[in-house]
Amino acid sequence: MQTPTTAPVHLAAGLRLPTNGLDYAILAIYFAVVLGIGFAARRSVRTSLDFFLSGRSLPAWITGLAFISANLAATEILGMAANSAQYGAYTVHWYWIGAIPAMVFLGLVMMPFYYGSKVRSVPEFLLLRFDRSAHLLSSILFAFAAILIAGVNLYALAIVVEALLGWPQWVAIVVAGFFVLAYITLGGLSSAIYNEVLQFFVILAALIPIVVLSLKKAGGWDGLTSRLTEQHGANFTTAWGGTGIGDANPLGANWLTIVLGLGFVLSFGYWTTNFAEVQRALSAKNLSAAQRTPLIAAFPKIFIVFLVMIPGLAAAVLVPGFGTADSGLQYNDAIPYLMQELLPNGVLGIAVTGLLAAFMAGMAANVSSFNTVFTNDIWAKYVVRQREDAYYVGFGRLITAIGVVASIGTAFLASSFSNIMSYLQTLFSFFNVPMFVVFIVGMFWKRASMKSGFWGLLAGTTAAMVNYFVLYKQDIVHIPSDQGANFVSAIAGFAAGAVVMVAVSLFTRPRPEEELRGLVYGTRSPGLAEPPAPGDEAWYRRPALLGWGAVVLAALCYVPFSF
């Protein structure tokens, strides 16, 4: 049952920004640089590996920044600020519980499987571990999810630009879609990644002034927290307050659903199987760089939460009843409202550019992963096989254009959610969680049979959808909020997928053990040299990699408990 205080209306017209020539000049310079990177990257695209995976040649610091930038999309910025305005300080769980542990796990444990097997995509790994039916189903589900998520970014950008700059929605959609399409079509993944590195710093330049000025206007951290406590209660400004089983809190979830639903199932499902992220690590120059990619990204991820949470909290203080019909503002309006209220011209141009950069990073990540999966895992394996390499590069460019057009068609599906992060978490529970359970069972249990992958994936997806659309939406099972329902859907999808995989495996023949080398934990890839080449040793025998993990985990232990 959706909360009654979140009417799905467009951004208020009163948020129009007083932009001038300086602001638009900053925006024009940014777009020129974006296209310039696309043309520069075009020279390095000679093969399909270059187009889809940057030739596996990029250093770890580049792939690490691209990894975090691909996640730091407009939906992340608007959605997490909306989460903070609606739920308060519980937003930290999406970072410290729902991201960092899974990113460390991806780097230390799962990247050797992905990179060592030389797969070009996440679904292709399922083809090696299970069978063609599991591979085809996962490819279709991922391609569909990528277009839906790209559509969310497009919708977020369109409504923000319409409200802030006065551009018609179709103009915002066409302009931004054209630039994303242009630089990915020109330079493939390399263009997307180098633009994501640029976008990471542009996004920071946009968010930091908003945080500083909104915190100042709200009376500093002490003034902000005291006013929030007065307006919303003590639990609104704490990470764990009121999360006991049976207790009421703004999030509508208890510690068990937070830890299991968000911290384990949704988090690990997203970070370890979402190809829009994993693709950045697969483009690294060697296994060591691939493993360090999510570890490098994890460290700034610990602190980015403050850049998106504080504006949401400040908006909740500065506008009484923020997010309700009486205020005339949605929760999604937190960042745009503060931009309009606080930023001078010039800085305003940087902030608008930062929002556009965030949108383009998120959309580009999903479009580039979509074109890779559709070309390599669907078209090349099931439709047009064994053609020359140049054909698949050309088709990859064509399907990129089709993906951008399709994302326009899915953009307005997000309009029924005034908190777009709720919509995204719903999609993750449907598509990423079932794929994660298939991966985790297949990686750690040799007995998992070839047929179990398909049925586990189908059962997990079905169970998550039934829980959300039938049990929750029809109020058969009462869950206080959309986010709480997403956590429960994720748990249901994971449990159903695991049970079905075990049951099917017990009644079907397992894959021969010699075919599982490098695909199951504890086995060694036949492609690796003996003894291990530098960078290919087990993670626990590599001091540099352990050092990165230790730094991330130490920061993770310190920051949340000092909050």
Side-chain angles (χ1 to χ4, degrees), residues 6-28 30 73-86 153 155-169 171-173 175-176 202-219 223-224 227-228 306-359 415 418-421:
T6 57
V9 295
H10 285 261
L11 287 175
L15 291 178
R16 190 67 44 81
L17 295 179
T19 49
N20 62 16
L22 176 60
D23 301 313
Y24 280 106
I26 293 171
L27 198 56
Y30 170 73
T75 48
E76 172 89 357
I77 294 171
L78 296 180
M80 285 305 178
N83 252 16
S84 303
Q86 185 173 2
N153 279 278
Y155 171 74
L157 175 95
I159 60 174
V160 168
V161 170
E162 180 186 38
L164 299 186
L165 302 180
W167 298 3
Q169 284 193 15
V171 173
I173 288 172
V175 170
V202 174
I203 292 166
L204 291 185
L207 288 178
I208 290 172
I210 297 175
V211 171
V212 172
L213 294 175
S214 64
L215 199 56
K216 181 179 178 181
K217 188 165 184 178
L224 177 67
R227 291 170 68 180
L228 286 171
F306 294 108
L307 299 182
V308 294
M309 180 179 71
I310 290 175
L313 296 177
V317 162
L318 298 175
V319 180
F322 191 89
T324 65
D326 293 338
S327 70
L329 297 167
Q330 293 188 56
Y331 293 112
N332 289 332
D333 298 346
I335 294 287
Y337 167 77
L338 293 172
M339 288 169 60
Q340 185 235 28
E341 289 291 313
L342 302 176
L343 299 184
N345 291 111
V347 178
L348 194 59
I350 295 173
V352 172
T353 303
L355 274 183
L356 290 178
F359 152 76
S415 63
S418 75
N419 183 336
I420 54 178
M421 189 50 63

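As a basis for the values below, the full set of heavy atoms in this structure was taken, side chains included, without hydrogen atoms, waters or symmetry mates. In this text, all values refer to a predicted model and were calculated from it rather than measured experimentally.
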Participant: Apply side chain to side chain contact (heavy atoms under 4.5 Å, CB included) to F306 and V211, showing your working.
Facilitator: CA-CA 8 Å; F306 294 108; V211 171; over 6 Å; no
Participant: Give me the atom names and distance for the closest heavy-atom approach of G354 to I203.
Facilitator: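 The answer is O-CG1, 3.7 Å.
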Participant: For A351 and A206, which heavy atoms make the closest approach, and how far apart are they?
Facilitator: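 Taking A351 first and A206 second, the nearest heavy atoms are CA-CB, 3.6 Å.
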Participant: Going from OG on S214 to CG on L224, what distance comes out if it is rounded to the nearest 0.5 angstrom?
Facilitator: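 So the OG of S214 and the CG of L224 are separated by 8.0 Å.
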Participant: Let me confirm one number: the CG-CG distance from L348 to L342, rounded to the nearest 0.5 Å.
Facilitator: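 Output value for this atom pair is 10.5 Å.
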Participant: What's the spacing between L27 CG and L22 CG if we round to 0.5 Å?
Facilitator: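 So the CG of L27 and the CG of L22 are separated by 11.5 Å.
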Participant: Got a second to check how far S84's OG is from I310's CD1, nearest 0.5 Å?
Facilitator: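 That separation rounds to 9.0 Å.
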Participant: Heavy atoms only: give me the nearest A85-A316 pair and the separation to one decimal.
Facilitator: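 Looking at all heavy atoms of both residues, the shortest contact is O-CB, 4.0 Å.
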Participant: Do L318 and E341 have side chains that get closer than 4.5 Å, going by heavy atoms?
Facilitator: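 Result no, sub-4.5 Å side-chain heavy-atom pair not found.
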Participant: Please report the shortest heavy-atom distance between F322 and Y331, naming the atom on each side.
Facilitator: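 Here F322 and Y331 meet closest at O-CE2, 3.3 Å.
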Participant: Dump the intermediate steps for side chain to side chain contact (heavy atoms under 4.5 Å, CB included) on V317 and K217, then the final yes or no.
Facilitator: CA-CA 10 Å; V317 162; K217 188 165 184 178; over 6 Å; no
Participant: Once you round to the nearest 0.5 Å, how far does CD1 of I26 lie from OG1 of T353?
Facilitator: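 Atom-to-atom, I26:CD1 and T353:OG1 are 6.0 Å apart.
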Participant: Rounded to the nearest 0.5 Å, what's the gap from CD1 on I350 to CD1 on I210? Could you check?
Facilitator: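 Here the interatomic distance stands at 11.0 Å.
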